Protein chains: 6
Amino acid sequence: MGRTARLVVVSAHAADFVWRAGGAIARCADDGGEVTVVCLSYGERGESAALWRAEGATLESVKAARADGATTAADELGAAIEFLDAGDYPLRATDELLDRLVARFRALAPTLLLTHSASDPYNLDHALTHELVLRARMVAQAEGLPDRTTAPLGATQVMAFEPHQPEQCGFVPDNLLDITPVMERKRAAMKAMDSAQGHLVDYYAELAVRRGVQARRNGAPSSVTHAEAFQQVFPTVGERLW
Amino acid sequence: MGRTARLVVVSAHAADFVWRAGGAIARCADDGGEVTVVCLSYGERGESAALWRAEGATLESVKAARADGATTAADELGAAIEFLDAGDYPLRATDELLDRLVARFRALAPTLLLTHSASDPYNLDHALTHELVLRARMVAQAEGLPDRTTAPLGATQVMAFEPHQPEQCGFVPDNLLDITPVMERKRAAMKAMDSAQGHLVDYYAELAVRRGVQARRNGAPSSVTHAEAFQQVFPTVGERLW
Amino acid sequence: MGRTARLVVVSAHAADFVWRAGGAIARCADDGGEVTVVCLSYGERGESAALWRAEGATLESVKAARADGATTAADELGAAIEFLDAGDYPLRATDELLDRLVARFRALAPTLLLTHSASDPYNLDHALTHELVLRARMVAQAEGLPDRTTAPLGATQVMAFEPHQPEQCGFVPDNLLDITPVMERKRAAMKAMDSAQGHLVDYYAELAVRRGVQARRNGAPSSVTHAEAFQQVFPTVGERLW
Amino acid sequence: MGRTARLVVVSAHAADFVWRAGGAIARCADDGGEVTVVCLSYGERGESAALWRAEGATLESVKAARADGATTAADELGAAIEFLDAGDYPLRATDELLDRLVARFRALAPTLLLTHSASDPYNLDHALTHELVLRARMVAQAEGLPDRTTAPLGATQVMAFEPHQPEQCGFVPDNLLDITPVMERKRAAMKAMDSAQGHLVDYYAELAVRRGVQARRNGAPSSVTHAEAFQQVFPTVGERLW
Amino acid sequence: MGRTARLVVVSAHAADFVWRAGGAIARCADDGGEVTVVCLSYGERGESAALWRAEGATLESVKAARADGATTAADELGAAIEFLDAGDYPLRATDELLDRLVARFRALAPTLLLTHSASDPYNLDHALTHELVLRARMVAQAEGLPDRTTAPLGATQVMAFEPHQPEQCGFVPDNLLDITPVMERKRAAMKAMDSAQGHLVDYYAELAVRRGVQARRNGAPSSVTHAEAFQQVFPTVGERLW
Amino acid sequence: MGRTARLVVVSAHAADFVWRAGGAIARCADDGGEVTVVCLSYGERGESAALWRAEGATLESVKAARADGATTAADELGAAIEFLDAGDYPLRATDELLDRLVARFRALAPTLLLTHSASDPYNLDHALTHELVLRARMVAQAEGLPDRTTAPLGATQVMAFEPHQPEQCGFVPDNLLDITPVMERKRAAMKAMDSAQGHLVDYYAELAVRRGVQARRNGAPSSVTHAEAFQQVFPTVGERLW
């Protein structure tokens, strides 16, 4: 394309971006792209069970630990990271949160957005984040916003990364991304979230193998051993299909 | 990719490939790809109303006229063309037809297959062609075929081109191909089918404009004025999403 | 519309048309329409359990009893009836059966076709009949058939009548037809099938009440007490929505 | 039916009703119906790019220009128009907006509601409007509202008009309305919105031709050259299918 | 299983649980389970038409009458009942309502949740209740809630009970529960709601017969004459399929 | 239930039953059930690549090797096995094959049928097998079959086992079966197919772990470490939901 890719990953909780899109982030960064992770919450209430079991745990200590882990993970992957601290379990779609997301989209001018799938009966924070991203994208495209210092967003593609139980979420992959070259860094990033959700490292490492097998079954060369799955929201436009 | 694209377009009737994929064919040919159109029938019974109204029309004269038009169209687009003459309205999924299609897939070794959508309540020849292509692809992948002189087919992607009434056929475009550079040749190819289905030339020229608008709405540059829509059957595999 | 309605009801087995569309048939006949029921089979193997339990039952005696019942039912409803005797459990989509159906569509020139729903995991004869009707409709529309004595069929609407377990068949009603004025005749017609499937009379009488309640909930006047449900395959075209 | 049709069209932004339902509005008015357009917003932020580029544009000047254009368009089509001024990009589903919509439904007693499709990933204001209409319809049907001066709404049908990218919005037309007799007035109404979104006039004029072709393919007489597409939410109830 | 079943039924309005899950409640109670019905509202505005027609009816008198009926019904079925009095037509998903529901889930520790279906275009209070239940379940599972006196909820299954117009709501039963032994008590419970919605008693009694027929068609013994239908949200886990 | 479970597993190719339902087979056998595997083909053409690479491989030698492996696997799992030798890539739905399947269903009188999913764009033999099972089940239920020595089949449930790429096949698990106690035997059975498709052993062992994680996430106790996923075709009927 020539232009620099600007990837923005919107994550409901501080760790989602690591498990579900860590490979894509690292590859994009390696490719010269600018990657920014926007965490709507720290996952402090719903995804930090191990941290709460620590003696003297408080909401602040849990948030801080999560911020540390997520920042280390983002560093490992080559991404900047921001925390909007909007609260989790439940995340709430306040006007303020939407405004802040719109402002970030205007400022960052993403060429691709990654976020959660449209449906997730297990985790409504995830589905709400998907809806928020679509709504913020729409608002950021408007000509008539009060903020006249930033340009309207273009027709940025949105892709869903893989939920934990894909079939139950109506997730049908249409893009399998080769993450073989960055798998070790994804693993390292996952380990940075270790204290809160350690059992997931092996799980998502194995998932990467399984998506790698699927990639080969769908035509990838045999050198592709690890992959991540994505589902696009909008049609792609291009100059070739082949 | 480096390798040569080998595009095989399987068309239920002699003209479908022109209306629905003419732009993709021409672009692929321009791109250095080898394109082969495989027409399962001439559309002699169902899509040749104007020819039948000619005095003295016979099944043979209609087929010949359709073959002429389709060959001229394929030439214009830069594709080879083959006719399996399996009959239309109805097309029948005989063992012989499947065997012939498998043989062609083995011989042509396509890197991409284009065909009809999976569902079309108006035209069951179209839906049957989709199923035949998937079945022939599967058989052509088998190691144990009697024919040991050709290699098994790889995991070739299949994409559906646009049916005449897309919403009624469950067709949801996920790829919009810029056909601006070849639109004049598509128009010329459509005119070659003129005597049988002339009213469709304007219709599909306007559809290309409409899909062009949609492409721009989904991020194509303003130079894209004409497009064709496609829906992939299998996930793509690749090295980037951006 | 002014023109005479010509309703053709294609029924996989001899009794389906009574349970599922008896009210529509009677109303259409009362409205001055010509109604023809085409039974692909007698339901002799799969839907005649009571008849088989009779002493000395043979395939012929069962078929004859079913033909009698169905003819009485059709008379009661005001419809002509034809039996194609193509066999049931399983019905087979032979070339011959398709040709005969095409010939009937050409000869009868229906303005509306009623048949089974597209899917029915309990009864694949039903789903196959739906597919056969769509295929025969398509072939009957072709200009180039060997039979030049009949005119091509127009763009006849196809509507599915209600399957026995609608949710499991993906049946979503979009038309609720008031059958209050003809309910007694539907009941009489159902009784004519009594010896084979007697328990269904009460069942479908109660279903008519339930669909009547639904009709009132969707805006029918309180005089509507009985209804039948239908789902259209193609969009309707008209001069008003209101 | 005898009774007067009362059509209420709920439009997220000031111009949606023109592009998507202008023909239906004009035909209903010609048919003696009373048509009221309720615009939830002026589309002042999201759909007024051209107006914002004018020197000295303010939120008020943009709103005023949009109100002018929409009022002229409604006049041309024969409809009354109301603006709820609830804001756009994003539209917000406040309690107050719902209450106002309920009050309008009670006062206007529509016999048919037209609005946006249930899903639109490009424009969440549209999808939210669909949900608001269904919710307001439900509340307006309640017996126990504080307002005892108006009667509960009946079981009014709701139909979705066509979104800009129908396949991506899950829009499947089940009603194609002949708008040939009023096409010139629709074009004139579209031109009244010209200064804001002028490029859409040709686009929607061509769409009307395309839907006209589809209407003829689905059985409309050859005099039907222009059409609009709609999808009903609830089953219709009636006395005939034919 | 050995453990005591704790069934919590979340009902948008005071009577929904009776019509749609009365049989399941009574059977669970008979089975030794603890059943609690949580009514989000009394259905005072939208489902109490008969009560409003009484002279001197006020919001309080209607609520009281509904509470009486629902309490009598719950007693009959063997369930405890609670009223959250959150208002109906429309029900509003306030933070407070969510917090209260979370608190109840934490306190009651349900092993199964029953509630409305995910979609209901006729009644958005129902669909909103489904969403609220999924959200409250998720929040109740979080480790880090301020309330440290209750344990996080486990992976409780959620099942939808049958909406009034199942096909229009996308409701596909995957569980048919035999309610034959408790049908008389369900009928008695329904009669307790009589003054408000009396016509529904016969309707739901007949529906139970129809679902009973369906149960037998799907393998239940002939002693099963009445049933209720349910659709699970999550996969079940178990030690046998057979 | 008291009655003996009779499980019949219909496998398109000789090895499918091992990868996809080996755990269910072993558990059912351990539970005292009678399990019969019916292989429609040996998978000799399409799923025996390694065998074809052996020197001197012939169709017969490949079939024999597959029969050996599958028989050893079935023994390991505790099931009887039958081969219908109907050919693969493509499997053909001949009248004879249907008749034989009907005869087996009549003779075996299954209380549960396991087979492939309804859709599989990668492998149309799988989808065809699903359809064949539903059709044979329907025919076997008919009273009027020529064979009067066997009783009609009851309303046997059909469950789909997991396809290789579940999301692409529309497979949504609704039952997760704990196979922890028999995992070693499933692994041994998989190894018996080793020479043909050895790389799949690890793959399906890891899938069992992943489905085990999912089972725990959906409420299984922590002792459940391995599971298999299934999707039922028909609603279950029962005496409890809890």
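Just so it is clear: chains get the letters A, B, ... in the order the sequence lines come, proteins before strands, and each one is counted from 1. Computed from a prediction, not measured in an experiment: that's the story for all the values here.
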Below 4.5 Å, heavy atoms only, C-beta onward: do Arg45(C) and Pro146(F) meet side chain to side chain?
yes

Side chain, backbone, both or neither: which part of Asp88(C) has a non-hydrogen atom closer than 4.5 Å to chain F?
neither

Does a side-chain N-to-carboxylate-O contact under 4.0 Å join Asp120(C) and Arg135(F)?
no

Testing the basics here: between Pro121(C) and Val233(F), what is the closest heavy-atom pair and its distance to 0.1 Å?
CB-CG1, 3.9 Å

Quick check for you: to the nearest 0.5 Å, what is the distance between Tyr89(C) atom OH and Glu143(F) atom CD?
11.0 Å

Among Val102(F), Leu145(F), Asp95(F), Val158(F), which residue has the highest count of heavy-atom pairs closer than 4.5 Å to chain C?
Asp95(F)

Between Ala142(F) and Gly46(C), what is the shortest heavy-atom contact and its length?
CB-CA, 3.8 Å

Are there more than 12 heavy atoms of other residues, nucleotides or ligands under 6.0 Å from atom CZ of Arg187(C)?
no

Closest contact, heavy atoms only, Met138(F) versus Asn123(C)
SD-OD1, 3.4 Å

Which region of Pro152(F), side chain (C-beta onward) or backbone (N, CA, C, O), has a non-hydrogen atom less than 4.5 Å from a non-hydrogen atom of chain C, or is it both or neither?
neither

